[in-house]
Amino acid sequence: MRYLGLDVGDVRIGVALSDESATIAGGLPTLTRVGPRKDVKAVAALVREHEASEVVVGLPRRLDGSVGIQAQKVLDFMDAVRAAVKVPVVAWDERFTSALAQQALLEADVSRKGRKGAVDKVAAILILQNYLDYRKVADAEARKPEA
């Protein structure tokens, strides 16, 4: 079972893919946005190519948890992706993932030019890894016998 993770921005879409055991997230090449229809087609092609069973999309909520302009754009994009694929498309709270990605790249001493291209991919990896970790814990809790 593989999961596809997305960090949807106005200019680029960071992409991550889980391993088959849904344990580890790794990066795929970042997509450059070219237009809503083509962007959705590109994501749908990735779902098919990698046989993803679910798409996890980072939702950039405001600090108070509400949905702002950018989050609404992402929700609209998710609706379009849902119409184009036959797998679940779920939102995952991505607050602070871009900042964490920037920090990780700074600590890795990646150049400013390199960070610009890598931050979206790293953010997608962080979003997907966080989701995978959550799923593992939730699945383990669900399997616990009631006391």
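Starting from 1, each residue takes its place in the sequence as its number.
Residues Val74 and Ile127 are members of separate hydrophobic clusters, defined by side-chain heavy-atom contacts under 4.5 angstrom among Ile, Leu, Val, Met, Phe, Trp and Tyr. Phe77 and Leu75 fall within a single hydrophobic cluster, where Ile, Leu, Val, Met, Phe, Trp and Tyr are joined by side-chain heavy atoms under 4.5 Å apart, directly or via other members. Cluster annotation: Val90 and Met1 are assigned to the same hydrophobic cluster (Ile/Leu/Val/Met/Phe/Trp/Tyr, side-chain heavy-atom contacts under 4.5 Å, transitive). Note on Leu46: it clusters hydrophobically with Val8, by side-chain heavy-atom contacts below 4.5 Å among ILVMFWY residues.
Contact annotation: the side chain of Asp93 never approaches that of Leu59 to less than 4.5 Å [non-hydrogen atoms, C-beta and beyond]. For the pair Ile13 and Asp120, the minimum side-chain heavy-atom distance is 4.5 Å or more. Here the side chains of Val55 and Met78 are not in contact, with every heavy-atom distance at 4.5 Å or above. Using a 4.5 Å heavy-atom cutoff, the side chains of Val81 and Val57 are not in contact. Counting heavy atoms from C-beta outward, Val15 and Leu6 have side chains that approach closer than 4.5 Å. Between Asn130 and Glu94 there is no side-chain heavy-atom pair separated by less than 4.5 Å.
Looking only at distances, no side-chain donor or acceptor of Gln129 sits under 3.5 Å from a matching main-chain atom of Ser18. Using modelled atom types, no side-chain atom of Arg33 and backbone atom of Asp39 make a donor-acceptor pair closer than 3.5 Å.
Screening residues 55-71 for side-chain hydrogen bond (donor to acceptor under 3.5 Å, both in side chains) gives Asp10-Gln70, Asp64-Ser66 as the qualifying pairs, with residues at least two apart or on separate chains.
The minimum heavy-atom distance between Ala124 and Gly5, with the atom names listed, is CB-O, 4.0 Å. Annotation for Pro60 and Ala71: closest pair O-CB, 3.6 Å, computed over non-hydrogen atoms. Across all their heavy atoms, Ala52 and Val87 have their closest contact at O-CG1, 3.4 Å. Minimum heavy-atom separation, Ala44 to Ala84: CB-O, 4.1 Å.
Residue-environment remark: CD (Gln72) exceeds the threshold of 12 foreign heavy atoms within 6.0 Å.
Residues meeting the side chain to side chain donor-acceptor pair (under 3.5 Å) test with Arg82, sequence neighbours left out: Asp79. A search for salt bridge (charged side-chain N to carboxylate O under 4.0 Å, His left out) contacts involving Glu20 returns nothing, not counting sequence neighbours.
Annotation: cation-pi pair Arg135/Tyr3 absent, no NZ/CZ under 6.0 Å from the ring centroid and within 45° of its normal.
Atom CG in Asp19 sits 6.0 Å away from atom CD1 in Ile24 (nearest 0.5 Å). Going from atom CG of Leu31 over to atom CZ of Arg12 covers 11.5 Å, rounded to the nearest 0.5 Å.
Aromatic ring orientation, Tyr131 versus Trp92: perpendicular (interplanar angle above 60°, classes split at 30° and 60°).
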Checklist entry - What's the verdict on side-chain contact (heavy atoms from CB on, under 4.5 Å) for Leu28 and Leu4, showing C-alpha distance, side-chain angles and the deciding distance? => result CA-CA 10 Å; Leu28 291 178; Leu4 188 72; 4.1 Å; yes

